[in-house]
Protein chains: 4
Amino acid sequence: MARPRSEEKRDAILTAAMELIAEHGLGAATAEIAKVAQVPHGSVFTYFGTKSALLNELYVELKTELSESILEAMPGDGDVREQLHHLWGRWTDWGVSNPPKRRALAQLGVSDQITETSRKAAAVVAGPAVEIVDRARSSGALRDAPLAYVGALVEAMAGTTIDFIIQDPGNAERVRDAGFEALWQAIS
Amino acid sequence: MARPRSEEKRDAILTAAMELIAEHGLGAATAEIAKVAQVPHGSVFTYFGTKSALLNELYVELKTELSESILEAMPGDGDVREQLHHLWGRWTDWGVSNPPKRRALAQLGVSDQITETSRKAAAVVAGPAVEIVDRARSSGALRDAPLAYVGALVEAMAGTTIDFIIQDPGNAERVRDAGFEALWQAIS
Amino acid sequence: MARPRSEEKRDAILTAAMELIAEHGLGAATAEIAKVAQVPHGSVFTYFGTKSALLNELYVELKTELSESILEAMPGDGDVREQLHHLWGRWTDWGVSNPPKRRALAQLGVSDQITETSRKAAAVVAGPAVEIVDRARSSGALRDAPLAYVGALVEAMAGTTIDFIIQDPGNAERVRDAGFEALWQAIS
Amino acid sequence: MARPRSEEKRDAILTAAMELIAEHGLGAATAEIAKVAQVPHGSVFTYFGTKSALLNELYVELKTELSESILEAMPGDGDVREQLHHLWGRWTDWGVSNPPKRRALAQLGVSDQITETSRKAAAVVAGPAVEIVDRARSSGALRDAPLAYVGALVEAMAGTTIDFIIQDPGNAERVRDAGFEALWQAIS
DNA sequence: GATGAATGAGGCTTCATTCAT
DNA sequence: AATGAATGAAGCCTCATTCAT
């Protein structure tokens, strides 16, 4: 009779992978990940099959966590600016308070190891957030641009803002607010 | 006098590295780079010392080429919008017509192998372009934000735009123009 | 018309090799030797042909220098104890005042790169010193042992003494004198 | 439970290393060591981590084996001369019957790859043998010399004697006995 | 399922020697 | 002779994955 897999181990591996990727890039060794997660090396493969699969699951996990964080406490009937402001604040806060997650996600995002399937899965969970962006841009310069493009722009601006605040935390609030104004001008 | 180093070999190695990094990421093997460049493996180290040094030189080279391309034929006394428009057009054109260069640069940019020294060297050659951005934002939402942040935002938007056009070339012109409008609204 | 070889360069290479071997063992790279000697890498091979030849010449050179140092000012008609005492003092002084030379010689001595020819050449220059040892042992425990063995014993004791003094210079004189007494007891 | 490490493999690697170092010096390639030991190349690193660690373990192993061999059947209450004679006989016998071990140990002993930690570990196991030397020298010329120096002298004399006998086995017994007399005179 | 040893291809770098200039 | 770039074999070590226990 097979023992059931442990959710804790799975999470420990994902967390360790996230930290090591943030620090050492995608070259982080599975053996090292196992050590940090305090699980046997073999378990990485019991739980994820291949390193590539692990990276993909981590990518989706981080994207999901980010999306959920963005949507949490989203004002439901507020006007669009208010909603976009909420989105922006949550997004940048998530990254600023989790530098390793932000860095890991940045590495994963540009990697060719992440499959189209994973990217689509991430897009699905990001759907509600994208809808807000869609409404916000409905009468602006980007009103006729592909929605995927507009979403990517927002993501790029948020990522840049997070990185800048991490590196220079002194002006956090000012940068975040100025960034939002720029975003609002850009798309509304 | 001994044989002088060959500029051609150096360039061949850099070009091969660029292509392979675009295709396989920073894990591209030095032996493979040498093969594509049609030089012996050892020559990679004669010319660059270490793989890391090669990556750094490639990074600076690409950034320099991009900066020069942006500034070429820049209208000198035109108004700021016109200058920013030139910058945007040149930038996105460079990326769209050189997907491997854009992809390699994107990989290198997020790598922790690129030293602060290289990043500073790149910042220096990008100086004149940044000045234009500085003038353009002088009365907009980002007027009081750190210039480095604004520059990073422009870079992020340009990169996103290039990637989108490469992936969906049909709407190239429309996306590029919409992108510019968004940029102009964001910073002016 | 060929330029004559420069004695200075030759010596610079030998000196650099000696220093680097003392520090890094026989694996010292010829390129590094050339750099320390401030000569072009190719000159190492112009002057010595192969690395192995360089090592052999260095070995003979050091052995010769040591032998000459031992014999210098040797009391000609003194009794044997006095001569052996002179030999011992000179020998240990040479090593103690030239740690790199001692260390290089120790490395070279155990190397299988040193040919029989070189060892014989070194034995020839050491001849007069060996004669003194021969006379000293003529009525002792080693009177019937092969002379080469007795010579090797003296060399081993001198080397050990030098190493010990280098490592613990505080007791230099006491150790050197005790060493001599031990030697004298051993062979006389 | 996973497969336990195999003592046999470990020993095979150490033995192969010892043989190849005796023959080719410390430059012996890890791949060659693996081949001779009939294990995959990677196993060398599974068992020893680095080549340097392998050399250090081999050094301690050989020193330990030698020390144990010296002390085996040591007459407990015999007088000191008898004990020293036993030590000398065992020591030289060990070397003469194991030329590769003696040669490997000689190479390792002068290498700067051997750490102070390893040298100290070797000194510990050699402790009882050193005590005998200490007692033997208590009223001789070296009575006030540092014990470490006296021990090193004995080691040097034993090594020299072994090498000489290996190279000229005809006079084995005579040389060994003469060597002992010399040693006894030197220190007692 | 749990564990960590086993595996060998592949990666980066070094190096003695040669040779174009 | 002088110079240092050219060369590619060889060296040490890493690593994802498998599998014996």
Side-chain angles (χ1 to χ4, degrees), chain A residues 1-6 9 24 27-35 38-55, chain B residues 1-6 9-10 26-35 39-55, chain C residues 1-6 9 24 27-35 38-55, chain D residues 1-6 9-10 26-35 39-55:
Chain A
M1 178 120 59
R3 223 174 304 186
R5 292 195 189 175
S6 142
K9 273 197 187 177
H24 299 117
T30 54
E32 194 65 18
I33 291 169
K35 187 155 62 167
Q38 291 182 296
V39 304
H41 191 186
S43 293
V44 173
F45 297 87
T46 303
Y47 280 81
F48 295 94
T50 66
K51 182 182 180 181
S52 207
L54 165 59
L55 297 181
Chain B
M1 186 96 75
R3 205 180 319 188
R5 287 200 192 173
S6 143
K9 273 192 191 174
R10 201 191 101 97
L26 301 183
T30 55
E32 193 66 19
I33 291 170
K35 186 154 60 165
V39 303
H41 192 185
S43 292
V44 173
F45 298 90
T46 300
Y47 280 80
F48 296 95
T50 66
K51 182 180 180 181
S52 206
L54 166 59
L55 297 181
Chain C
M1 177 123 58
R3 225 172 304 185
R5 291 196 189 173
S6 140
K9 273 197 189 178
H24 299 117
T30 54
E32 194 66 20
I33 291 170
K35 187 155 64 168
Q38 290 182 297
V39 304
H41 191 185
S43 293
V44 173
F45 297 87
T46 303
Y47 280 81
F48 295 95
T50 67
K51 183 182 180 180
S52 206
L54 166 60
L55 297 180
Chain D
M1 185 98 74
R3 204 181 319 188
R5 288 199 192 175
S6 144
K9 273 192 191 175
R10 200 191 101 98
L26 302 183
T30 54
E32 193 67 19
I33 291 170
K35 187 153 60 164
V39 303
H41 191 187
S43 292
V44 174
F45 299 90
T46 300
Y47 280 80
F48 296 95
T50 65
K51 182 180 179 181
S52 207
L54 167 58
L55 297 181

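Proteins get letters first, then strands, A, B, ... in listed order; numbering begins at 1 in each. FYI, side chains are in, hydrogens and waters are out, and symmetry mates aren't considered; it's all heavy atoms of this structure.
In this structure, B:L54 atom CG and E:dG11 atom P are separated by 15 Å, rounded to whole Å. The distance between atom NZ of A:K51 and atom C1' of F:dT14, rounded to the nearest whole Å, is 11 Å. Straight-line distance from the CZ atom of A:F48 to the C1' atom of F:dC15: 19 Å, rounded to whole Å. Atom CZ in A:F45 sits roughly 15 Å away from atom P in E:dG1 (whole-Å rounding). Atom pair B:I33:CD1 and E:dG11:P shows a separation of 11 Å (rounding to whole Å applied). Separating the CZ atom of B:R10 from the P atom of F:dA6 is a distance of 13 Å, rounded to the nearest angstrom. For C:K35 and E:dA16, the NZ to P distance is 13 Å, given to the nearest whole Å. Atom CZ of D:R5 is separated from atom P of E:dT3 by 17 Å (rounded to the nearest Å).
A:Y47 places no side-chain N or O within 3.5 Å of a backbone atom of A:L54 that could act as its donor or acceptor partner. Under a 3.5 Å cut-off, the side chain of D:R5 and the backbone N or O of D:T46 do form a donor-acceptor pair. Between the side chain of C:K51 and the main chain of C:A28, a donor-acceptor pair closer than 3.5 Å is present.
Closest of all the heavy-atom pairs between D:A53 and D:T50 is N-OG1, 3.0 Å.
Note that CZ of D:F48 and OG1 of D:T30 are 12.5 Å apart. Values are rounded to the nearest 0.5 Å. Atoms CG and OG, on B:L26 and B:S52 in that order, are 10.0 Å from each other to the nearest 0.5 Å.
Both B:S52 and C:A29 lie near DNA chain E, and the one whose nearest nucleotide falls closer to the 5' end is B:S52. Position along DNA chain F of the nearest nucleotide to B:S6 versus D:A28 favours B:S6 as the more 5'-ward residue. Residues B:G27 and B:P4 each lie close to DNA chain E; by heavy-atom proximity, the contact nearer the 5' end of the strand is made by B:G27.
Between D:R3 and E:dG4 there is no side-chain polar atom (N or O) within less than 4.0 angstrom of OP1 or OP2. Residue A:S43 has no polar side-chain atom (N or O) positioned under 4.0 Å from OP1 or OP2 of E:dG1. Put simply, D:T50 has no side-chain N or O that comes within less than 4.0 Å of OP1 or OP2 on F:dC12. Between A:T46 and E:dA2 there is no side-chain polar atom (N or O) within less than 4.0 angstrom of OP1 or OP2. Within the 4.0 Å cut-off from OP1 or OP2 of E:dA6, at least one side-chain nitrogen or oxygen of D:Y47 is found. Contact annotation: B:K9 reaches the phosphate of F:dT7 (side-chain N/O to OP1 or OP2, under 4.0 Å).
When heavy atoms are screened at a 4.0 angstrom cut-off, D:A53 is found touching no nucleic acid atom at all.
No hydrogens or angles were tested; on distance alone, nothing pairs the side chain of D:H41 with the base of F:dC12 as donor and acceptor under 3.5 Å.
F:dA10: Watson-Crick or G-U partner is E:dT13, with both key distances under 3.5 Å. With a cut-off of 3.5 Å on both pairing distances, the Watson-Crick or G-U wobble partner of F:dG4 is E:dC19.
Of the candidates F:dA16, E:dT13, E:dG8, E:dT13 carries the atom nearest the B:T30 side chain, counting heavy atoms from C-beta on.
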